[in-house]
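Each remark here refers to the structure printed beneath this line.
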Amino acid sequence: MARFIVRRLLQLIPTLAALSVLLFIWLRALPGGPEAALLGERATPETQAAIRERLGLDEPILGQYAAYVRQLLQLDFGTSTQTRQPVLEEFLNRFPGTIELTATAMVIAVGVGIPLGYFAARRRGSLLDNLTVGGSMVGICTPIFFLAFVLKWIFGENLGWLPTIGRQSPGAGATHITNLFVLDGIITREWDAAWDAFLHLLLPGIAVASIPFAIIVRMTRASVLEVLGEDYVRTAESKGLTHRVVRGRHVLRNALLPVVTAIGVLTGALLSGAVLTETVFAFNGIGLFVYEAIRNADYPVLMGFIMFIAFTFVMVNLLVDISYSIIDPRVRVN
Amino acid sequence: MRVNRFKAALALAAASALLLSACAESDRGGDDDAGANPDATFIFGAEGEHTAMDPMYTSDSISSRLNGQMIETLVTYTPGTVDIEGGLAESWEPDESGTVWTFQLRGGVTFHDGTPFNAEAVCFNFDRWHNQPPGINQSPDMSYYWQQFSGGFAENEEGRDDLGEPNYVSCEATDELTAVITLRNPTSKMVGLLVRQQFGMQSPTALEQYNADEIGGTPAAPEFSEYATAHPTGTGPFMFESWDQAAGEVVMVRNEDYWGGPATISRLIFRAIPDENARRQALLSGEIHAYDQPAPPDWATLEAEGMRLEVRDALNLLYIAFTQDHNVALEDIRVRQAIAHALDRQAMVDAVMAEGAEVATQFMPPILPGWNSAVPTYEYDPERAATLLAEAGYEPGELEVDFWYPTDVTRPYMPDPQSIFELFQANLEDAGITVNAISEPWTPPYLSNVQNGEADLHFLGWTADYAHANNFLATWFLRPLPQWGFDNQSIFDGLAEADAEPDEAAQTAMYEQLNAEIMEYLPGVPISHTPVAMAFAPNVSGVPVSPLLDEVFNTAQIDE
């Protein structure tokens with residue numbers, strides 16, 4: 001297992017290196033960059049030239065790339081041209097927000113999606129099954145930003161039940177340790193702050209969960225249906241095993257294999273969903289930051305973000321592979 | 001058994017929902033008390049995060065608005081107008097040459113850290129701006145407004161074409177409350193530009209203690225000082241309390257010792273909500289009390305929902321620029337006139353712009369001195385346009401222009417570039433001009449391309465930095481610029497002379513004359529001036545909105 005993990009981690013290096021070259025060339029090839037964005041209408045040819053020089057944009061591209069890699073190796077992602085804060089610091093401040101949000105979404109998608117898909121399959125053709133299949137179709141088809149607006153409109157503007165903006169109530173003054181606000185509230189025993197942060201997670205969490213939820217429901221249902229018809233399930237039942245053992249050990253365990261793989265792939269969907277959702281809910285995570293970075297041609301942030309996402313993506317898929325080998329021992333043996 | 005479990009889950013879900021709604025309701029309690037609440041917290045939905053809380057190093061409007069709550073300037077605008085009045089200075093006077101300015105300061109004012117505000121503090125601030133070291137501190141985006149004001153530093157960075165001999169010479173504290181500032185040449189920027197937040201007076205003690213001038217990091221990756229991130233110290237009605245980066249908000253508290261009397265609200269929170277729709281929804285759901293510049297199409301919706309809109313006088317301009325050296329046809333005045341006559345600007349304003357917008361007759365708005373009611377105008381007249389084109393030797397359809405417009409952007413002066421473009425494109429084609437539409441995203445690369453003279457015709461605009469003719473006209477017509485691609489020494493010299501004229505009445509007359517001359521020459525077509533609004537929750541009042549968008553919220557009243 002250790003060798004497997006190390007090998008996968010080593011594979012990360014060429015992936016990230018290739019990505020950094022591609023991104024670098026692509027971003028530098030764009031005409032007009034931060035030198036125009038920084039001063040907007042106030043820029044003059046002279047000030048643009050001075051800023052270009054300051055940012056090293058006039059250097060030969062290879063030299064720029066070498067400098068960039070040197071910085072990267074020191075974990076220096078540069079400074080955001082819009083907020084003037086170091087990119088790494090901005091990420092560390094904001095990424096916990098995105099983690100909280102995607103984790104909430106994942107808990108909703110998996111916690112509700114798998115049982116629902118399972119029971120729909122068990123009662124194939126029932127009302128529950130039809131509702132689940134139809135509902136998940138709607139979930140897949142509804143654009144996240146639209147769902148987000150509808151949720152805000154219903155629960156925020158009309159019912160006033162749930163906050164629709166930010167990660168905590170304004171001026172909450174909560175202590176931040178990990179920047180995972182719910183966890184911070186629990187650690188510091190600021191229960192009000194933890195509850196407040198939790199309420200702020202609900203609507204955006206549901207919005208982000210919608211597509212993964214629908215996919216997980218459908219995959220679980222299809223997969224359970226398939227497994228239910230397998231010989232080994234009939235064998236297990238005919239052996240006289242209890243329903244609980246058959247379902248837990250034979251049906252669910254085998255049915256979940258493709259679902260777990262899908263969850264890894266869905267991390268990408270979650271993150272892209274988070275960009276949209278964070279923007280709509282002014283939820284101060286990475287997504288909102290990147291949305292602003294795109295609007296402001298903030299190269300260092302965009303570079304850092306894409307590298308960061310690639311890294312996260314690879315890591316999550318590694319975790320998926322590991323959990324795969326736990327669920328299905330054949331993977332380990334092979 | 002299974003049914004029981006299902007029922008239990010259902011009951012739990014219902015109970016949670018009830019609990020949730022009860023909590024939400026209890027948060028919103030206390031709506032019955034009438035009258036303004038002196039302990040209220042005012043929450044402002046900002047368009048994004050600020051860059052620094054040291055105004056000297058900022059040039060964006062988000063930072064300016066934030067810093068303006070805490071840090072004050074020598075001179076300011078009478079709230080809600082473009083008239084200059086005393087701020088931290090009670091009076092000021094130039095000598096005959098217009099280069100030596102004596103400021104009488106307000107007495108009994110202290111900075112938030114207890115340091116007295118006096119003439120020495122004023123000179124400390126001016127000298128600090130003047131003595132910014134070469135390097136990142138002098139980058140155009142770092143100390144933009146000082147560079148606008150003085151044109152250079154005590155020691156300029158090498159190899160910078162855009163920095164020259166500084167216009168600022170010295171500041172002397174002749175007594176406790178008298179500061180005498182000497183300039184090399186007279187300029188309208190004294191005192192016109194000093195109203196800007198970037199010239200806010202900050203505590204010398206705090207600036208030194210928290211190493212305000214030390215910008216760390218590398219040239220490409222500057223890092224602000226401790227002062228600019230955690231210790232802004234001015235004399236304003238609000239004092240800095242905290243900046244929660246993870247939550248994206250800045251909290252300020254009332255300065256009980258404020259020289260103008262304590263604010264009517266106890267706390268002020270700036271919350272970053274970058275998305276326009278999210279700001280609107282936050283206001284509608286009662287999570288913020290105000291946000292700036294709602295999109296004109298939302299005005300009616302907001303009012304229908306009971307929100308209050310305060311509309312400011314327009315202090316901006318949208319124009320079409322001709323880049324003459326990019327298309328030689330444009331060097332013919334008849335072609336420029338034909339294009340101006342071809343455009344139905346009134347129809348465009350009626351169709352696209354916010355209520356209250358008006359067609360521009362010259363390159364500055366009517367509320368500023370120097371605006372001229374008798375400049376040459378170019379009414380919508382397609383026949384006249386066709387005649388002019390024929391005189392210039394163009395058959396219908398023969399004249400071809402590349403007309404650029406930006407995408408992915410709205411500006412206060414330009415709510416919907418594409419719609420504006422489409423209307424004008426049709427106008428020009430009606431007059432027999434072939435239009436090649438070129439659209440690009442705002443940044444990159446539209447802005448830098450049009451500023452570097454890559455277009456024939458393009459849209460751009462301006463929102464005033466300070467309320468003065470010079471801030472409009474000199475931005476474009478003080479010297480040859482690639483954006484315009486023409487050389488008209490008479491206009492360039494006229495603007496330089498007007499800027500240096502110390503007598504206000506004489507200066508105004510010069511700008512009136514220049515406006516006529518510019519419109520005669522027609523370097524582009526001024527299109528419109530558009531009012532911008534601020535949206536408030538129904539229970540908020542007492543904030544006079546400013547044409548320069550520099551509202552301070554110390555008089556806000558929140559009825560509860």
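- Contact annotation: the side chain of Glu49(B) approaches that of Asn284(A) to within less than 4.5 Å [non-hydrogen atoms, C-beta and beyond].
- The main-chain N or O of Thr164(A) is found under 3.5 Å from a side-chain atom of Glu287(B) such that the two form a donor-acceptor pair.
- Contact of Arg479(B) with chain A is made through the side chain alone, with heavy-atom distances under 4.5 Å.
- In this structure, chain B has a heavy atom under 4.5 Å from the side chain of Arg94(A), while its backbone stays farther away.
- Looking at Ser139(B), the atoms closer than 4.5 Å to chain A (heavy atoms on both sides) sit in the backbone and in the side chain alike.
- For the pair Pro170(A) and Thr41(B), the minimum side-chain heavy-atom distance is 4.5 Å or more.
- With a threshold of 4.5 angstrom between heavy atoms, Gln148(B) does not approach chain A through any atom at all.
- Your options are Ile273(B), Leu284(B), Asp465(B), and the one with the most heavy-atom pairs under 4.5 Å with chain A is Asp465(B).
- Considering only heavy-atom pairs separated by less than 4.5 Å from chain A, the leading option among Glu305(B), Glu241(B), Arg411(B), Met142(B) is Arg411(B).
- Heavy atoms of Ala52(B) lying under 4.5 Å from chain A are absent altogether.
- Between Ala282(A) and Ala272(B) the shortest heavy-atom distance is CB-O, 4.3 Å.
- Residue Phe181(A) touches chain B through its side chain alone, counting heavy-atom pairs closer than 4.5 Å.
- Side-chain contact between Phe149(A) and Asn277(B): present, with at least one pair of heavy atoms (C-beta onward) separated by less than 4.5 Å.
- Of the two parts of Leu481(B), only the side chain, counted from C-beta on, holds a non-hydrogen atom closer than 4.5 Å to a non-hydrogen atom of chain A.
- Of the listed residues (Ile288(B), Leu163(B), Asp244(B), Val450(B)), the greatest number of heavy-atom pairs within a distance under 4.5 Å of chain A belongs to Asp244(B).
- The greatest number of non-hydrogen atom pairs below 4.5 Å with chain A, out of Ala282(B), Ala247(B), Gly248(B), is found for Ala247(B).
- For Asp60(B), no part sits under 4.5 Å from any heavy atom of chain A, backbone or side chain.
- The choice from Gln168(A), His176(A), Arg167(A) that makes the most heavy-atom pairs within less than 4.5 Å of chain B is Gln168(A).
- Heavy-atom pairs under 4.5 Å with chain A were tallied for Gly453(B), Ala228(B), Gly45(B), Gly135(B); the largest tally goes to Gly135(B).
- Using a 4.5 Å heavy-atom cutoff, the side chains of Arg279(B) and Ile165(A) are not in contact.
- Only the side chain of Tyr145(B) has a heavy atom closer than 4.5 Å to any heavy atom of chain A.
- Judged by distance alone, the side chain of Asn93(A) and the main-chain N or O of Gln245(B) form no donor-acceptor pair under 3.5 Å.
- With a threshold of 4.5 angstrom between heavy atoms, Leu288(A) approaches chain B through side-chain atoms but not through N, CA, C or O.
- In this structure, chain A has no heavy atom under 4.5 Å from any part of Thr475(B).
- In this structure, CD in Glu249(B) is found 9.0 Å from OG in Ser169(A), a value given to the nearest 0.5 Å.
- Contacts of Tyr291(A) with chain B are made by side-chain atoms alone, with heavy-atom separations under 4.5 Å and no backbone atom involved.
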